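Each remark here refers to the structure printed beneath this line.
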Amino acid sequence: DAGVIQSPRHEVTEMGQEVTLRCKPISGHNSLFWYRQTMMRGLELLIYFNNNVPIDDSGMPEDRFSAKMPNASFSTLKIQPSEPRDSAVYFCASRITDTQYFGPGTRLTVL
Amino acid sequence: AQSVTQPDIHITVSEGASLELRCNYSYGATPYLFWYVQSPGQGLQLLLKYFSGDTLVQGIKGFEAEFKRSQSSFNLRKPSVHWSDAAEYFCAVGVLSNTGKLIFGQGTTLQVKP
């Protein structure tokens, strides 16, 4: 299996622009998680889905952040408009039974 | 509330020396416990996990961890550290099995001296 796939791996954008991060979970996994990692706040859970349905989005910092999972093999995390404080590494993870498997992350820099 | 504490932010050990990384958790029921490792620029890789049964758990890369309920701890150990073990290590507790949600500690950065 290819593991969790994230794209792009690096994204540099300017403040105010829309950013879309993509994730393909491992086939057969029924849960998907989006995390944000920064030096100051560590690893934060933003939102997670079970069977494509959003279960808990309490970690989404603001209305500028939105996430979708239109099918079992694809999810997006969108930031609109982006701000410099959104600069971080964003991870996607998928889960089978009780174990999460992480993707390589997207490093986002907002100038 | 559930929480995970990794008391050591940075640890430096010499190559070949033994290693122990500490993890303490707060959780009302029997926890699901995990250790992940993150190499620079990489995602988190699962080292090992504890769900039930034998309290000494073996993982990949020669790591092991011991669950001690009386101390609310799940410390990670390795008898002989290799330079390639330099990375950041995260302990996590599973909140509820049917959600799969994890609470992560702040991480411990391991530096290995030659």
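We name chains A, B, ... by the order of the sequence lines, and we start the count at 1 in each one. The model shown is predicted, which means the values in this text are computed figures rather than measured ones.
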At their closest point, which heavy atom of [X] faces which heavy atom of [Y], and how far apart are they?
X      : Y     : value
A:F91  : B:Q38 : CZ-NE2, 3.2 Å
A:Q100 : B:Y36 : O-OH, 2.7 Å
B:F90  : A:Q37 : CZ-NE2, 3.4 Å

[atom1] of [X]: more than 12 outside heavy atoms within 6.0 angstrom?
X      : atom1 : answer
B:E15  : CD    : yes
A:D63  : CG    : no
A:R107 : CZ    : no
B:I60  : CD1   : yes

In terms of hydrophobic clusters joined by side-chain contacts under 4.5 Å, are [X] and [Y] together?
X      : Y     : value
A:Y101 : A:I47 : no
B:V37  : B:L19 : yes
B:L48  : B:V4  : yes
A:V4   : A:I96 : yes

Check each atom of A:R41 against the heavy atoms of chain B and say whether the ones under 4.5 Å are side chain, backbone, both or neither.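 Just the backbone, heavy atoms under 4.5 Å.
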Need one label for [X]: side chain, backbone, both or neither, based on atoms under 4.5 Å from any heavy atom in chain A.
X     : answer
B:L46 : side chain
B:Q45 : neither
B:Q42 : backbone

| field | Step-by-step side-chain contact (heavy atoms from CB on, under 4.5 Å) determination, B:Y32 to A:T99 | value | CA-CA 10 Å; B:Y32 290 22; A:T99 301; over 6 Å; no
Going from CD on B:Q106 to CG on A:L43, what distance comes out if it is rounded to the nearest 0.5 angstrom?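 So the CD of B:Q106 and the CG of A:L43 are separated by 9.0 Å.
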Applying side-chain contact (heavy atoms from CB on, under 4.5 Å) to B:I103 and A:L45, what does each step give before you reach the verdict?
CA-CA 8 Å; B:I103 304 296; A:L45 176 63; over 6 Å; no
What verdict does the side-chain contact (heavy atoms from CB on, under 4.5 Å) test give for B:L102 and A:Y48, after you've listed the backbone C-alpha separation in whole Å, the side-chain angles of each residue and the deciding distance to 0.1 Å? CA-CA 11 Å; B:L102 296 179; A:Y48 71 94; over 6 Å; no
